Amino acid sequence: MAAASVFRPGLFNNKVAIVTGGGTGIGKAIATELLELGCSVVISSRKLERLEAAAKEMRERIPLSSPASVTPLPCNIRNEDEVRTMVSSVLKKFGQIDFLVNNGGGQFTSPVENMSSKGWKAVIDTNLTGTFHCCKEVYTAWMKEHGGAIVNIIADMWKGFPGMAHTGAARSAVDNLTKSLAIEWASSGVRVNAVAPGTIFSKTAMENYKELGRELFLMSVPFCPAKRLGVPEEISPAVCFLLSPSASFISGATLRVDAGQSLYNAPWQIPDHSAWPDAPDGENLKCLKELLSSKSKL
């Protein structure tokens, strides 16, 4: 394993988890740590080849004495029928689903004025509707009668998400969905929480943004109080904690794992301009104009 789990070995023995987007980045790190703790993990995404490569890598690191297993299952979470088939397959193979981690998602960089309706819908359908599909299907097919724990991966969208408004809107909605489901499903013994990562670097994430990837990550460093980026292995322990018995009284919560980034500056730069309407006329406006027109002596 890239990083040893801080949790005790065997913590999740005989548990079964679905991790969407489990073949790369944050999802891969979550799946890897769950496996290390004895969980049987189903990793899912649209690309079977990438899933199988990740599963092969993970299997090589599972001790022979461990009950853990990893199963790749392709699924487009935008498609309700495919989600239903995936959940049915997991129940047929394992007979239970204890954990669901909704990590699957995707976005692209674009100001809203250049964003097409098709592009907007694709991101909303994946990041929001896909999460809804997975939550609902796992709940109705298993957790309603047996309980369980769900963790939704969202993002640092607390100050808006200029440049990626589609994913900001979707992740904000998932934050609210998390709270709603925590209440609706409490009587079934289902806990629903979220983790909001800051800027997390992974090789695949950088590649996904193509020629912009390197610059996007480098420009993010000054806006993190840690003055470095996070890595997926710093997100997976938070997820494992929320799935664990240590979080037995936690539901409807969103844990920010961002080194304080959400409290700090935003990278979107607004150029100097005079487009804003004038303030109401009066002595305060006159004084303000004098202040702004004078040079600071500090």
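Here the structure is a predicted model, which is why all the values come from computation and not from measurement. Side chains are part of it too, since the values below use all heavy atoms of this structure and drop only hydrogens, waters and symmetry mates.
- There is no path of hydrophobic side-chain contacts, each under 4.5 Å, that joins V90 to L51.
- Across I250 and R191, no two heavy atoms sit closer than the pair O-NH1, 3.1 Å.
- Salt-bridge annotation for R61 and E36: absent, with no side-chain N of the basic residue lying under 4.0 Å from a carboxylate O of the acidic one.
- Inspection of the N152 and T131 side chains reveals no N or O donor paired with an N or O acceptor under 3.5 Å.
- Not a single donor-acceptor pair under 3.5 Å links the side chain of S202 to the backbone N or O of G25.
- At a threshold of 4.5 Å between side-chain heavy atoms, the hydrophobic network of Ile, Leu, Val, Met, Phe, Trp and Tyr places L292 and I270 in two separate groups.
- Side chain of D156 to main chain of T199: no donor-acceptor pair is present (N/O by atom type, distance under 3.5 Å, no hydrogens or angles).
- Counting heavy-atom neighbours within 6.0 Å of K227 NZ, excluding the residue itself, gives a total above 12.
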Show, in sequence, the C-alpha distance, side-chain angles and deciding distance for F161 and H166, and conclude whether the ring pair (Phe, Tyr, Trp, His ring centres under 6.0 Å) test is met.
CA-CA 8 Å; F161 215 138; H166 44 20; 8.3 Å; no

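- Under the 4.5 Å side-chain heavy-atom criterion for grouping Ile, Leu, Val, Met, Phe, Trp and Tyr, F217 is connected to V221 within one hydrophobic cluster.
- Not one N or O on the side chain of S66 forms a donor-acceptor pair closer than 3.5 Å with the backbone of P63.
- Using modelled atom types, no side-chain atom of S88 and backbone atom of R84 make a donor-acceptor pair closer than 3.5 Å.
- Judged purely by distance below 3.5 Å, without hydrogens or angles, the side chains of S110 and N114 never pair a donor atom with an acceptor atom.
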E52 and K56: CA distance, side-chain angles, deciding distance, salt bridge (charged side-chain N to carboxylate O under 4.0 Å, His left out) verdict:
CA-CA 6 Å; E52 288 179 335; K56 181 176 183 295; over 6 Å; no

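- With a 4.5 Å cut-off on side-chain heavy atoms, F12 and F7 do not count as touching.
- Listed for the N193 side chain is a donor-acceptor partner under 3.5 Å among the backbone atoms of G252.
- Here the side chain of Q96 pairs a donor or acceptor atom with the backbone of N14 at under 3.5 angstrom.
- Rounding to the nearest 0.5 Å places CD1 of I43 at 11.5 Å from CG of L34.
- Looking at V195 and T254, their side chains never come closer than 4.5 Å, going by heavy atoms from C-beta outward.
- Between S236 and E33, the closest heavy-atom pair is OG-OE1, 2.7 Å.
- Residues I153 and V239 have side chains in contact (heavy-atom distance under 4.5 Å, counting atoms from C-beta outward).
- Between the side chain of R59 and the backbone N or O of T71 there is no donor-acceptor pair closer than 3.5 Å.
- Q261 and K159 make their closest contact through O-NZ, 3.4 Å (heavy atoms, listed as atom of the first residue, atom of the second, distance).
- Considering only heavy atoms from C-beta on, W185 stays 4.5 Å or farther from M143 through its side chain.
- Within a 6.0 Å sphere centred on NZ of K144, other residues, nucleotides and ligands contribute 12 heavy atoms or fewer.
- Contact check on R171 versus D175 returns no salt bridge, with no Lys/Arg side-chain nitrogen under 4.0 Å from an Asp/Glu carboxylate oxygen.
- In this structure, CG in L177 is found 9.0 Å from CG in N102, a value given to the nearest 0.5 Å.
- V87 and V19 fall into different hydrophobic clusters, where Ile, Leu, Val, Met, Phe, Trp and Tyr are joined by side-chain heavy atoms under 4.5 Å apart, directly or via other members.
- Looking at every heavy atom in both residues, N103 comes nearest to G21 through ND2-O, 3.0 Å.
- Of the inter-residue distances, the one linking T20 atom OG1 with H133 atom NE2 reads 13.0 Å to the nearest 0.5 angstrom.
- Side-chain contact between I150 and V190 is present, with at least one heavy-atom pair separated by less than 4.5 Å.
- With contacts defined as side-chain heavy-atom distances shorter than 4.5 Å, the pair W120/S117 does not qualify.
- For E137 (side chain) and C134 (main-chain N/O), no donor-acceptor pair under 3.5 Å exists by modelled atom type.
- Looking at heavy atoms from C-beta onward, V16 lies out of side-chain contact with F99 at the 4.5 angstrom threshold.
- Distance check: I97 CD1 to H146 NE2 gives 11.0 Å after rounding to the nearest 0.5 Å.
- A donor-acceptor contact under 3.5 angstrom links the side chains of S69 and S40, judged on distance only.
- Rounding to the nearest 0.5 Å places CG of N76 at 12.0 Å from NZ of K47.
- In terms of modelled atom types and a separation under 3.5 Å, the side chain of S293 and the main chain of E290 share a donor-acceptor contact.
- Remark: side-chain polar atoms of S246 are not paired, donor with acceptor, to backbone N or O of L242 under 3.5 angstrom.
- Hydrophobic clustering of Ile, Leu, Val, Met, Phe, Trp and Tyr side chains at less than 4.5 Å, counting indirect connections, unites V70 with L243.
- Note that CG of L73 and CD of E82 are 11.0 Å apart. Values are rounded to the nearest 0.5 Å.
- Within the 4.5 Å cutoff, the side chain of W158 has no heavy atoms near those of the L263 side chain.
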